[in-house]
S.K.: 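Please find one structure pasted underneath; my questions will follow.
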Amino acid sequence: MPPETEPRSPACRADAEALDRDDPLAPLRDAFSLPDGLVYLDGNSLGACPKRTAARVAETIGREWAHDLITSWNRAGWIDLAARIGDGIATLVGAGPGEISVGDSTSVNLYKVLHVACAMQAADRPGRRTIVSERGNFPTDLYIAESIARSFGLELLLVETNGGAGDDAAIEAALDERLSVLMLTHVDYRSGRMLDMTALTRKGHDAGGLAVWDLAHSAGAVPVDLHGAGADFAVGCGYKYLNGGPGAPAFVWAHPMHPERMDRDGTAQPLSGWLGHGSPFTFTPDYRPAAGIARFVSGTPPILAMRALECGVSVFADAEALGGMAALRAKSLALTACFLDRVEASCPGVRSVTPRDPAMRGSQASLAHDDGYAVMQALIDRGVVGDFRAGDDAAGTPNLLRFGFTPLYTRFVDAWDAAEALTDVLASGVWREPRYAKRAAVT
Ligand SMILES: *Cc1c(COP(=O)(O)O)cnc(C)c1O
């Protein structure tokens, strides 16, 4: 990977327009349906809808399902979709072909790989006591780890996240002879801080542990090199930067040595369902896993959702011809820098919790604000869509305004206009109007 340098930021809107004109990735925006006049900065929570998705899903319903019916499992390749989409995702995260499978949710996939990792450690290194993660990790990851820790009689050891700013040294300090599994999210969902996957995986291995990585805010957003980092297992999300649609299936990766080892010693993944069987259509009463990652499939995949995810992932194949993940990363850093520079210059007192060091920054910018909820509602009212994440006093994390920058479709003028709108909302105090304080079910 090339060294990451801080790009130059625009000084006025015309500068931002010029950056858009010079942007080699600019044509990709046309692959997405985005309402006119909307600045959409929430692709880190729900990615935008590719234009090709509606037609492809309609064809899957109208022809493959309504007309061809059950023959589509073979004729339309439904049965291979999990592996085919997985191969597309593999190119984005430094995995090999045949190493990623798609299906279930991130939570369910995390349960499977964490269970397998703990089972292997119990066999190889009995007496290991801890699953190590961060207190500020995404809650579902912690809830799943709690469940696994209970099953294996382990302790879930949570390193303080230091207000979202993160502390690699504190994580490293927890990696000792008690370590069974290190489970981390590569890019923090609150602060957008990126961990050093290679260094932390190595430290985990040095301590005798295995490393499980959640790529929910990484896949399609920042370059990831699972093999280069020596990671053991990874999971990730289909509906964020991969633009697979609401509730899109998630993905799962295991280093190929682990399925081989599972074959040797008979370790099974815990949700050992029939479609992860080596020959599901022989309908034998005993479970024999499929080779490789395919064993991490449990039940029948949701084909309509898989089709939509396939469309989302296929946009990255278009991006490949325009510079691929390296170009996307350069643009993402330039977008977040543009936004943060402008906010710093025009919103006095607003503090970014997102690291300015490009090596530690994901593809989002998060700003601390006590009344972040109301401020975000006022921004949304002006056509700038980000989101709000509540802080946690116990963990010392502040209330946050989150802005996700998806380099596939976000323009420099969007970053510029969002900063201007925020400046205006804060300076005018319009966010104090009572209607902006009313909470909805989903924030
Ligand atoms: C979004 C996200 C998830 C989502 O999990 P689901 O089970 O797919 O709902 C999990 N982990 C992290 C870190 C996330 O950001």
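Just so it is clear, the values below take in all heavy atoms, side chains as well, and ignore hydrogens, waters and symmetry mates. Each ligand, and each atom within it, is numbered from 1 in the order the structure gives.
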S.K.: Should one rank Y111, Y143, Y239 by closest heavy-atom distance to atom 9 (O) of ligand 1, which comes out on top?
M.R.: Y239
S.K.: Hey, is A216 touching ligand 1 through its side chain, its backbone, both or neither, going by heavy atoms under 4.0 Å?
M.R.: side chain
S.K.: Between the side chains of H227 and E99, is a donor N or O closer than 3.5 angstrom to an acceptor N or O?
M.R.: yes
S.K.: Any side-chain donor-acceptor pair under 3.5 Å between S133 and N137?
M.R.: yes
S.K.: How are the rings of F403 and F339 set to each other: parallel, tilted or perpendicular (split at 30° and 60°)?
M.R.: tilted
S.K.: If you measure every N/O of Y189 against every N/O of ligand 1, is any gap under 3.5 Å?
M.R.: no
S.K.: Establish, yes or no, whether the cationic atom of R439 lies under 6.0 Å from the six-membered ring centre of Y373 and within 45° of the ring axis.
M.R.: yes
S.K.: Residue-level breakdown please: for D141 versus ligand 1, do any non-hydrogen atoms fall below 4.0 Å on the side chain, on the backbone, on both, or on neither?
M.R.: side chain
S.K.: Hey, are H258 and D232 close enough side-chain-wise for a donor-acceptor pair under 3.5 Å?
M.R.: yes
S.K.: Starting from atom 5 (O) of ligand 1, which protein heavy atom do you reach first, and at what distance in Å?
M.R.: T106 CB, 3.4 Å
S.K.: Tell me, do L379 and V39 make a side-chain contact under 4.5 Å, heavy atoms counted?
M.R.: no
S.K.: Polar contacts were defined as any N/O atom of the residue lying under 3.5 Å from an N/O atom of the ligand; does this apply to T185 and ligand 1?
M.R.: no
S.K.: As an exercise, identify every atom of ligand 1 less than 4.0 angstrom from a heavy atom of S107.
M.R.: 5 (O), 6 (P), 7 (O)
S.K.: Give me the residue, atom name and distance of the protein heavy atom closest to atom 15 (O) of ligand 1.
M.R.: K240 NZ, 2.6 Å
